[in-house]
Amino acid sequence: MVLSTDPSVTLDTPAKASTRTGMGAIPYETGTTFRVWAPFASAVYVAGDFNNWSTIKNPLASENNGYWSVDVPQVQEGQKYRYVIQSPFIPANTVWWRTDPYCKHVLDNQGADGVIVKDRFDWGSNTFNMPPWNELVIYELHVASFNRTQNKPGDFSSIIEKLGILKDLGINAIQLMPIFGFPGEYSLGYNPAFPFDIESNYGEPREFKNFVKKAHEFGIAVILDVVYNHFGSEELDYSLRRFDGWNQNNGDGIYFYNDRRVQTAFGPRPDYGRGEVRQYIRDNALMWLEEYQIDGLRFDSTVNIRNIEGRNNDPANDIPEGWSLMQWINNEIDSKTPWKITIAEDLQNNEWINRTTGVGGAGFDSQWGSFFYYSIFEAVVAPSDSARNMYSIRDAILQRFETDAWKRVIYSENHDEVAQINRKVRLPEAIWRGRADSWFARKRSTLAAALVFTSPGIPMIFQGQEFLEWGSWSDSGTLDWSKKDRFSGIWDLYQSLIRLRRNWYNNTRGLRGQHVNVHHVNNNDKVIAFHRWDNGGAGDDVIVIVNMGDRSYDSYSLGFPRGGTWWVRFNSDWNGYSADFGNHSGYDTFAQRSDPNDPDGMPFRANVGIGPYSVLILSQ
């Protein structure tokens, strides 16, 4: 192997392996430790602006276990570096530059230079307490498109500008789409080149920490979307591919499977069976939770971690070590920070995702509820009332994983289901193409939102749906914040629902409870009603009535769990939410003892008024 050399450089004495712990570039008081995994290397050097990018001056010493390390005095935070690797698998006369896989700040330049980062940040004295999961209301957010200014991608500071508005809306958790470094200016975030790096367009590590700190000051948790089902980017040759030159079967080297398990629709799959790769992914997950003090992780496409083909109930293609990796990470998080939530995007309605690792489950705290989404979506986008299946709505409300309502995250929009790249549109647009601001689109899309906030589960909305954003969402676009004023009533409607969901006024505690009884299903007239409760009683029992038909009722009879006066806490037909809403009276009502053969199986009965495509929420 021949490397470019500088004859004026005098080599240091033979390298000694470092006794310090950690991976990547680890600054200490008088220098920096470098440690990298390169099991098929014959030599490893670190080059940077501290040694004029010499490819031979600073060798690392083998630790005889595939790892290489060295302490380099006087190398400081902020300096740039890369590794140079020699290996029998690298073509002769080639300088094999590689970016540190553990690098926390990679420059967006042709060589993908790493920057040495020191873990120091003034977090202040405030203590943030993660909300209980039955009180979480999640706001899914994409950094670049949330609040773009001056034709530049949004960044962490542009989100900070809107934190007061989000707090006023009532959400208490932001779920960030992936923030890892990627090639180019725009991305959904699911093509991570360097999993430890933060996209330079969004900000540096200290700026992300500042965002987390500010969010916590507003009482908002931060959940990060992480991508472990594939790594790498086709456009960037300096990443993990063939890191030390070795590969099998024309594969991608030590970080990846080198057989058919490597193939996914998105990029090469990591080798979950290699201890060092498992450690790499585990270290990444814990870094975000510990060093950046975020409050939870949402794992992208866990079905592609556990199965080669991304399928459920397909044991021939299962990846057992992918399953055990998820178990390991969840066990680590539960043992260290059990109040931090892990959410799986599996989309297969598989209860084993949430079951504890002790019984063989993957150990996730919750998972995205795709069954709920598709049932609600199909009902509200159907152009004809007769096509709405209220039994499907019932099943969507009742569905849960095992016995715990909070093991599912429910939504009527998410980034996948509204993305231009997936040829999808926002829900109001799907209801009436080209007329997303129509009465029908507004009424039926808010029906879906009301079901999200009143059904058992952790509710989530996607950025902009709170002010009727329409069309398709794209990573290079931006939210039209003028709609917040144009559709201020829709914003108010979402705010009302969120406050009731969080028991803001201490009279809807049942919406935070485990219990639900869908006691009234009228598929002919498209009316459904359900009872929510925690412990039951005044301020706890909640009745939700959903009219999914284009017809109003002055006096509609249905069952109630308790006698006495029931007060209307929410009426989606109120014309304060929109001037053209009918303001149909959803009056307070008095429940009286019903017949023993009550058709709803409830001990009391009362009449309500409800408008077309409307929702009522009542409590005592």
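Please read these numbers as outputs of a predicted model, since none were measured by experiment.
- Between the side chain of S488 and the backbone N or O of K484, no donor-acceptor pair lies under 3.5 Å.
- With R298 contributing its side chain and A344 its backbone, the two residues share no donor-acceptor pair below 3.5 Å.
- Defined by atom type and a distance below 3.5 Å, a donor-acceptor pair is missing between the side-chain atoms of R426 and Q465.
- In this structure, the ring of F364 has its center less than 6.0 angstrom from the ring center of F299.
- If you check the side chains of H584 and D554, you find a donor sitting under 3.5 Å from an acceptor.
- One side chain, R605 or S557, offers a donor N or O that lies under 3.5 Å from an acceptor on the other.
- Side chains of T342 and N330: a donor on one and an acceptor on the other come within 3.5 Å.
- Judged purely by distance below 3.5 Å, without hydrogens or angles, the side chains of N312 and N350 pair a donor atom with an acceptor atom.
- Residues Y556 and D525 have side chains that never bring a donor and an acceptor to within less than 3.5 angstrom of each other.
- D475 and S145 are not linked by any side-chain donor-acceptor pair at a separation below 3.5 angstrom, with hydrogens and angles left out of the test.
- In this structure, a donor-acceptor pair under 3.5 Å is absent between the side chains of R400 and N354.
- The aromatic rings of W288 and F208 lie perpendicular to each other, with more than 60° between the two planes, well past the 30° mark.
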When the side chains of residues 541-548 are checked against the rest of the protein, which donor-acceptor pairs come out under 3.5 Å, sequence neighbours left out?
| residue | atom | partner | partner atom | Å |
| --- | --- | --- | --- | --- |
| D541 | OD1 | H531 | NE2 | 2.5 |
| D541 | OD2 | G537 | N | 2.7 |
| N547 | OD1 | G549 | N | 3.0 |
| N547 | ND2 | R551 | O | 2.6 |
| N547 | ND2 | G611 | O | 2.9 |

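- Shortest non-hydrogen contact noted between L224 and M177 is CD1-O, 4.3 Å.
- For Y577 and F581, the ring centers sit 6.0 Å or farther from each other.
- Ring centers of W368 and Y411: under 6.0 Å apart, within the cut-off.
- With no hydrogens or angles considered, no side-chain donor-acceptor pair links T508 and R569 at under 3.5 Å.
- Judged by distance alone, with hydrogens and angles left aside, the side-chain atoms of E413 form a donor-acceptor pair with the main-chain N or O of L427 at under 3.5 Å.
- Each of W470, F467, W481 was checked for a ring pair (Phe, Tyr, Trp, His ring centres under 6.0 Å) with F487, and the lone residue meeting it is W470.
- With hydrogens and angles left out, the side-chain atoms of H142 and Q463 include no donor and acceptor closer than 3.5 Å.
- Classified by interplanar angle (parallel below 30°, tilted 30° to 60°, perpendicular above 60°), the ring pair F128/H216 is parallel.
- For T478, the side chain to side chain contact (heavy atoms under 4.5 Å, CB included) partners two or more places apart in sequence, or in a different chain, are R148.
- In this model, a donor atom of one side chain and an acceptor atom of the other lie less than 3.5 Å apart for D600 and H520.
- Using modelled atom types, one finds no donor on one side chain facing an acceptor on the other under 3.5 Å when comparing S392 with E378.
- Atom CH2 of W567 is surrounded by 12 or fewer heavy atoms from other residues, nucleotides or ligands within 6.0 Å.
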